[in-house]
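Everything on this sheet refers to the single structure shown next.
Bear in mind the structure is a predicted one, so any value in this text is a computation, not a measurement.
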Amino acid sequence: MSVVSKQKEQLRSAIQAAIEAAQAGGELELASVPEIGLEVPRDTDHGDFASNIALVTAKLARKAPREVAQIIVSHLPAGSFIRDVEVAGPGFINFFLSDDWLFETIRAIEKQGQTYGDSTHGAGEKILLEFVSANPVGPMNVVNARAAAVGDTLARLFRAAGYTVGTEFYVNDAGNQADVFARSLEARYQQLRNPEYPFPEDGYPASYVTDLAEVLDREHPHLGEMSLEERLAFCKRWGTDQMVEAQKADLKRYGVEFDLWFRERDLHSAGALKEAISFLENRGLLFEAEDALWFRSTDFGDDKDRVIVKSDGSYTYVTADIAYHHDKLKRGFTRLIDIWGPDHHGYIGRMKAAIQALGYSEDTLEVLILQYVALLRNGEQVKMSKRAGEFITMEDLVDEVGKDAARFFFLNRSPESHLDFDLDLAVEQSNENPVFYVQYAHARICSILRQGREMGVDLPKSDQVDLSLLAHEAEHALIKQLAALPEELLTAALERAPQRITPYALDLASLFHSFYTHCHILGEAEPVRDARLVLVTQVRSVLQKVLGILGVDAPEQM
RNA sequence: GCGCCUAUAGCUCAGAGGAUAGAGCACCGGCCUCCGGAGCCGGGUGCGCAGGUUCGAGUCCUGCUAGGCGCGCCA
């Protein structure tokens, strides 16, 4: 249990006891006592913790909120860890604690290191997080970059919250787009010898296809001996493999590595689609109409029924996706979280229907819809067309603004909000970027500790120093921020809100910078110096933890 | 027409039913005998509109308005 939770527990039982005492004395009449809410107020004038219990119960007690608060306060045990208590505002009870819990926080971080802030909340639950899943027919775009940042950080948050997590990239290498890509690649290959060779009307004209054709020609000279059918199959397999490798490299550079790259073609070759179809068939959920085979998804709340096998005998996208999700569930995952683009939101109904048809509850599948990213340059939206080969790729973005700034930028916004990414601004102001502000705090601490070492100062442990010397306002504010981490991480995971972490990091950095200007360290008398060295060491640890969650580097020097 | 998302400061965006709504950028002042000035301290404007629920609403509900996206035997 975190230090903050422990304080809240103690306060809760104190309040509970006070209410019971008031009831026994006939001062308060409550049929039932609701859960006692406690929060850390934003404003430090409002104490270390505050409760709204009097506001919540006022109606029940038929008294004014402030009066209820006053009665509760009068029955609080005296002389405890509660240093002071007051009734404030509309009826809040504000608690001012003795500083011990702050110092306990420092000892907890020192002891727990990079596991500080973790919890066991998700123990027993296995989450499969699927994200990016860009088609293997071209380079990834900036929405993919946004998805990668959000998904990767969510995965890290889930792990911190004690869940078992698997991350997957679904490679759609067996669908229409892969065929179109294969035909495009084959045509470019032919054109190396015969410039007149026709390029498919719906093909991808972008130059990377031409570049790829040249590699293909170089590495596979026997290709000309194949039949057209064989060659297309080869292009499809080889070409998508090349794209997957390129995507892997881009993502790795971006700090994202998946546990599994799941190939759609493996589902086909394993007969998983047929298996899924007969599974549904056995449950009487399929019917034939208009020469096609349909899934009666309306039985599970979908808007309309969906085609599973087209009239030409081929499968739809949803068929493979049902098989894929069935596979995930069979692997023992208890919750599936998919991150999709906004153009897929209409797809939620049929997938939730499929999950239920497979015998699981609707909320086994959770879909997070990521909104679009509009790129701005010179104040105007950059027009992009994948088909015309005109677009800013994820690789371009990372080249231009850097991994850390790009990730931080994406993670500073809520996933479901539309995002304008001003490239000029991101590049121009790269030195003023918030991410550097946080990294600078880390580098500064490293520098202090480095200089301390050079001066021959041994890094003290918390039990060797007098932590009560950390009495400055800036020090208390800093420690409170450290204490807030466990709740912050858990809430971010539960609400699927990675965008909560960047403000936390910025606040922590800001509180550190402020502390730094107000409180010197190495020049101070030994007891103060040592206490502060312990403090900044723990600040560094938490900065590393938080930057690690964001997937942003924590440099020792900048 | 139906569905999803969005609307908060000049701009880009945070915001957890609570007290005086925040950050960055931009703009204007201060702060270096001393650990990194990529820093600190101060300065000001805002919840699209109208109802409702609540002791209390930027937050929840309803209806409008505006923008983005979707509604395929495409993926």
Side-chain angles (χ1 to χ4, degrees), chain A residues 37 39 41-43 45-46 50 52 54-59 64-65 88-92 94 133 135 137 172 175-178 180 289-294 303-304 306-318 320-321 341-349 369-372 374 376 379 409 412-422 425-426 428-434 436-437 439-441 443-452 455 487-488 491-492 495 497 499-500 502-503 506-507 509-510 512-524 529 532 536 557-558:
Chain A
E39 61 169 24
R42 265 195 124 41
D43 189 337
D45 290 345
H46 297 150
N52 64 354
L55 292 160
V56 176
T57 54
K59 199 170 194 177
F92 288 101
N94 294 341
S133 299
N135 280 324
V137 298
N172 185 220
N176 267 357
Q177 293 197 24
V180 172
E290 300 161 53
D291 295 328
L293 188 62
W294 298 68
D303 301 342
K304 49 181 90 164
R306 306 294 171 176
V307 170
I308 289 290
V309 182
K310 301 182 210 172
S311 50
D312 69 357
S314 64
Y315 302 107
T316 59
Y317 180 81
V318 72
D321 224 14
D343 50 336
H344 284 67
H345 90 260
Y347 197 79
I348 297 174
I369 295 294
L370 205 65
Q371 292 298 328
Y372 275 128
L376 303 178
F409 201 100
N412 203 18
R413 278 130 182 92
S414 67
E416 70 270 20
S417 117
H418 302 264
L419 168 57
D420 286 341
F421 200 122
D422 190 326
L425 207 68
E428 241 176 64
Q429 299 171 347
S430 60
N431 280 355
E432 297 293 327
N433 194 300
F436 292 96
Y437 181 81
Q439 290 178 316
Y440 181 56
R444 253 184 165 176
I445 295 171
C446 291
S447 172
I448 294 164
L449 298 178
R450 202 160 45 232
Q451 286 191 42
M455 289 163 59
E487 284 197 340
E488 202 56 47
T491 309
E495 294 184 357
Q499 76 277 10
R500 295 176 63 104
T502 46
L506 287 166
D507 285 346
S510 170
F512 167 74
H513 286 308
S514 183
F515 154 79
Y516 178 89
T517 40
H518 291 110
C519 304
H520 282 222
I521 299 167
L522 295 175
E524 295 292 326
R529 180 197 70 190
R532 287 181 176 164
V536 298
Q557 293 180 49
M558 297 182 67

_Test log, rule side chain to side chain contact (heavy atoms under 4.5 Å, CB included), inputs A:Leu419 and A:Phe409_ = CA-CA 10 Å; A:Leu419 168 57; A:Phe409 201 100; 3.8 Å; yes
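- Across all strands, A:Ala441 comes closer than 4.0 Å to no nucleic acid atom at all (heavy-atom distances).
- One P atom belongs to B:rG56, the other to B:rU65, and the distance between them is 30 Å to the nearest Å.
- An OP1 or OP2 oxygen of B:rG72 is reached within less than 4.0 angstrom by a side-chain nitrogen or oxygen of A:Lys304.
- Between A:Gln371 and B:rC4 there is no side-chain polar atom (N or O) within less than 4.0 angstrom of OP1 or OP2.
- Rounded to whole Å, the separation between the P atoms of B:rG46 and B:rA9 comes to 10 Å.
- Across the P atoms, B:rG10 and B:rG51 are found 24 Å apart, a figure rounded to whole Å.
- An OP1 or OP2 oxygen of B:rC40 is reached within less than 4.0 angstrom by no side-chain nitrogen or oxygen of A:Thr517.
- The aromatic rings of A:Phe515 and A:Phe512 are tilted relative to each other, their planes meeting at an angle between 30° and 60°.
- At the phosphate of B:rA14, OP1 or OP2 sits under 4.0 Å from a side-chain N or O atom of A:Ser414.
- Base orientation of B:rC4: anti, the glycosidic angle falling outside 90° of 0.
- Side-chain atoms of A:Asp291 and A:Ser311 include no donor-acceptor pair closer than 3.5 Å.
- The pairing partner recorded for B:rG18 is B:rC55, the criterion being a Watson-Crick or G-U wobble arrangement whose two distances lie under 3.5 angstrom.
- Atom pair A:Arg444:CZ and B:rC40:P shows a separation of 7 Å (rounding to whole Å applied).
- For the OP1/OP2 pair of B:rC74 and a distance below 4.0 Å, the side-chain nitrogens and oxygens of A:Lys310 include at least one atom meeting the criterion.
- Closest approach to the A:His345 side chain among B:rC55, B:rG3, B:rA19 is made by B:rG3 (side chain taken as heavy atoms from C-beta onward).
- When only modelled atom types and interatomic distance are considered, A:His513 and A:Arg444 share a side-chain donor-acceptor pair under 3.5 Å.
- Residue A:His418 and nucleotide B:rG68 are not classified as a stacked aromatic pair, given the requirement of ring centres less than 5.5 Å apart at an interplanar angle below 30°.
- Rounded to a whole angstrom, the distance from the P atom of B:rC4 to that of B:rC61 is 12 Å.
- Positionally, the nearest nucleotide of RNA chain B for A:Asp420 lies more toward the 5' end than for the other of A:Asp420 and A:Glu290.
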*Kindly indicate, with the supporting measurements, whether the criterion side chain to side chain contact (heavy atoms under 4.5 Å, CB included) is fulfilled by A:Tyr317 and A:Asn176.*
CA-CA 9 Å; A:Tyr317 180 81; A:Asn176 267 357; over 6 Å; no
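- OP1 or OP2 of B:rC40 lies within a sub-4.0 Å distance of a side-chain N or O belonging to A:Tyr437.
- One P atom belongs to B:rG68, the other to B:rU8, and the distance between them is 15 Å to the nearest Å.
- To the nearest whole angstrom, the two C1' atoms, one in B:rU45 and one in B:rG52, are 30 Å apart.
- The partner of B:rG3, taking Watson-Crick or G-U wobble pairs whose two distances both stay under 3.5 Å, is B:rC69.
- Across all strands shown, B:rG48 is found opposite B:rC64 as a Watson-Crick or G-U wobble partner, with both distances under 3.5 Å.
- Between A:Ser514 and B:rC41 there is a side-chain N or O to OP1 or OP2 distance below 4.0 Å.
- The separation of B:rG44 from B:rG3, taken at their P atoms, amounts to 45 Å, rounded to a whole angstrom.
- For the pair A:Ile369/A:Ile348, a side-chain contact is recorded, criterion being any heavy-atom separation below 4.5 Å from C-beta on.
- On the C1' atoms, B:rA21 is 8 Å away from B:rG58, given to the nearest whole Å.
- Each of A:Leu419 and A:Glu39 has a nearest nucleotide on RNA chain B; the 5'-most of these lies closest to A:Leu419.
- Nucleotide B:rC32: unpaired (no Watson-Crick or G-U wobble partner with both distances less than 3.5 Å).
- Within the 4.0 Å cut-off from OP1 or OP2 of B:rC13, not a single side-chain nitrogen or oxygen of A:Ser417 is found.
- Residue side chain A:Tyr440 fails the stacking definition with respect to B:rG36, as its ring centre and the base's six-membered ring centre are not both under 5.5 angstrom apart and under 30 degrees in plane angle.
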